[in-house]
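This report concerns only the one structure given below.
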Amino acid sequence: MSQQPLVEMIDIEKHFGGIRAVEHVSIDLYPGEVVGLLGHNGAGKSCLMRILAGAMIPSSGEIRVGGTPVRFGTPIDARDHGIETIYQTLALADHLDAPANLFLGRELRTRFGNLDEARMLRAAREVLARLNPNFRNLRDPVSSLSGGQRQVIAIARAIYFDTKVLIMDEPTAALGPSETAMVADLIRKLRADGIGIFLVSHDMHDVFELCDRVIVMNKGRIVGAHRIDEVTKDDVLSLIVKGELPADWSARNLEAAQ
Amino acid sequence: MIGRDQMHRASALLTLMLLILGFAMASPAFFSVNNGLTILLQTSVIGLLGIGLTLVIITGGIDLSVGSVLALSGVVSAMSVKAGLPVMPAMCVGIIAGAACGAFNGVVITRLRIPPFVATLGMMLIARGVALQLTGAAPISQLGEGFGWLGNGALFRMVEMQPNGFPRVIFPGVPYPAILLLVVAIAATYLLRRRRIGRHLYATGSNEEAARLSGVKVDWTKMYAYTMSGALAGLAGNVLMSRLVTAQPSEGVMYELDAIAAAVIGGASLSGGVGTISGTMIGAFIIGILRNGLNMAGVSAFIQQIVIGLVVIGAVWIDQVRNRR
């Protein structure tokens with residue numbers, strides 16, 4: 001590919017004492033690409049994404065953003081490089097309202113250093129309306145909002161600040177069908193804008209609907225990395241469960257190529 | 001948040017009104033200017049401690065050391081005066097000593113990862129022990145008139161010299177401790193509502209992991225809360241010792257419980273993320289008036305303890321019920 005990858009993770013390792021959570025993993029992500037990251041719980045995918053998000057420091061390996069090596073000590077470092085994360089738990093402060101959550105950790109302030117509530121409210125209203133025209137209750141604590149609305153806030157927070165890479169951890173796991181469709185639409189919209197997305201998911205339907213590539217991890221290693229049109233759901237399931245493709249896979253692919 | 005918070009504060013305010021009404025009917029002396037001033041003075045100490053505790057409780061923590069830190073700060077101020085420092089700088093030294101205790105709490109909690117309950121319980125013993133050791137458990141008196149200015153002075157006090165040579169107070173004035181409490185309460189409210197650190201205090205208590213992932217410096221925020229709590233305990237200690245014009249190393253035992261009760265009665269949640277200064281002020285006055293009113297009504301000190309104990313349990317129970325919903 002001639003294009004420069006948005007982000008590369010090269011030979012990443014993460015050990016916890018004697019436990020190897022991530023072993024010699026290298027992945028990359030290009031602009032406007034959705035890459036699905038699959039595997040059992042504990043396969044190392046969440047760990048890998050936490051490293052990319054700056055929430056965990058790798059034991060060894062290199063991360064490059066736009067070809068330049070970087071080092072993330074905190075989530076703020078990753079965000080400063082345009083890497084945003086939507087955690088499965090959404091990471092919202094339940095007692096605060098939508099604007100406060102949207103700007104948490106990077107609050108807008110007036111000349112005197114006071115919180116600029118008016119400007120944050122206006123910006124929040126704008127970005128939330130763009131994602132979901134029905135969004136109201138901006139001043140309610142987010143604990144009183146529906147799962148879909150909370151998801152919208154988490155997404156708004158991730159894309160508001162000049163985002164290049166978006167990590168989504170199980171974005172639809174807690175949502176109903178219409179909300180899932182809304183998130184799927186959003187992912188397509190973001191991809192069209194040239195944002196690269198890592199989609200950590202268990203939902204095979206979502207993965208095949210949205211992803212350009214799939215990477216499957218097992219016991220801390222990558223056991224398969226394929227374009228989505230090279231594999232079937234059964235192939236991917238086999239990778240997840242057994243850590244290898246079905247025996248007939250290469251034969252099938254050869255046939256398809258012919 | 002807003003609706004439920006305001007409901008809680010309204011009900012606390014109603015309780016306060018009912019208490020005042022009840023005590024006023026029970027004892028005519030309760031509803032007098034002089035007694036009002038006494039209540040203001042008594043409440044200012046609990047109020048200052050309560051503000052510090054509100055900041056800590058909002059982060060989801062607790063500070064059990066404020067009663068002991070109060071005593072240590074007062075002792076340090078008095079010793080500074082004895083060492084020859086003028087009153088104002090001496091009191092500043094005492095407040096800094098309080099802040100240092102608070103900062104120590106913060107370090108133990110954020111660096112050593114000791115739960116706040118245990119860390120501040122330790123500081124409760126340490127600060128009390130240091131205060132007793134420094135003084136040999138004896139009060140420090142003869143601190144000079146200047147030392148009593150903060151605790152006993154009042155704004156707009158009008159005194160007339162009578163022909164017999166005794167002064168007569170025409171208007172007792174507004175006690176400085178009450179003014180101090182008002183100023184600190186306004187400053188803390190501003191901090192919580194308009195400044196970034198206030199927002200981060202709430203976020204830390206609401207969802208610590210989320211706050212951390214959002215880029216909030218959670219440890220720094222907690223350090224801030226505990227240091228402020230220590231400093232305010234120091235300030236309260238100086239007010240109290242100044243009122244007595246004596247530094248008592250054994251002063252302030254169990255004050256932390258009154259202060260915690262004030263914050264919780266005022267709507268602060270022990271599980272974090274919730275609490276207001278105005279609520280805590282109402283709570284502090286409920287405690288202050290309860291103590292004063294029971295005194296005026298001639299209720300024994302033993303019964304008073306029982307009542308306050310029940311109120312504390314009741315307030316925490318209300319907090320639990322609120323969270324379960």
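In what follows, every chain begins at residue 1, and chains take the letters A, B, ... in the order their sequences are listed.
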Report task. Residue by residue, scan residues 72-84 of chain A and write down, ordered by number, those that have a heavy-atom distance under 4.5 Å to chain B; if none do, write 'none'. Result -> A:P75, A:I76, A:R79

Report summary line: Assert top hit (heavy-atom pairs under 4.5 Å, partner chain A, pool B:S206, B:A203, B:G198) equals B:S206

Query - Atom CD of B:E209: over 12 foreign heavy atoms under 6.0 Å - result: yes

Requested in this report: Identify whether the distance between the nearest side-chain nitrogen and carboxylate oxygen of B:R193 and A:E117 falls below 4.0 Å.
Outcome: no

Query raised in the report: For the residue pair B:A210 and A:A93, what are the closest heavy atoms and their distance?
Result: CB-N, 4.4 Å

Query raised in the report: Is atom CZ of B:R113 surrounded by more than 12 heavy atoms (other residues, nucleotides or ligands) closer than 6.0 Å?
Result: yes

**Report entry** Those residues of residues 152-162 of chain A, ordered by number, that approach chain B below 4.5 Å (heavy atom to heavy atom)
**Finding:** A:R157

Query - Between CZ on residue B:R195 and CG on residue A:L115, distance to nearest 0.5 Å - result: 8.0 Å

Requested in this report: Can you tell which part of A:L104 gets under 4.5 Å to a heavy atom of chain B, answering side chain, backbone, both or neither?
Outcome: both

**Report entry** Largest heavy-atom contact set with chain A, pairs under 4.5 Å, which of B:H200, B:E208, B:R194, B:R196
**Finding:** B:R196

Report summary line: When rounded to the nearest 0.5 Å, the distance separating CZ of A:F103 from OG of B:S214 is 13.0 Å

Query - Between CD on residue A:E107 and CD1 on residue B:I197, distance to nearest 0.5 Å - result: 10.0 Å

Report task. Would you check, one step at a time, whether the test side chain to side chain contact (heavy atoms under 4.5 Å, CB included) holds for B:N207 with A:D94? Result -> CA-CA 7 Å; B:N207 187 340; A:D94 274 343; 5.7 Å; no

Report task. Could you tell me whether B:F104 atom CZ has more than 12 heavy atoms of other residues or ligands within 6.0 Å of it? Result -> no

Query - A:Y87 versus chain B, the contacting section by heavy-atom distance below 4.5 Å - result: side chain

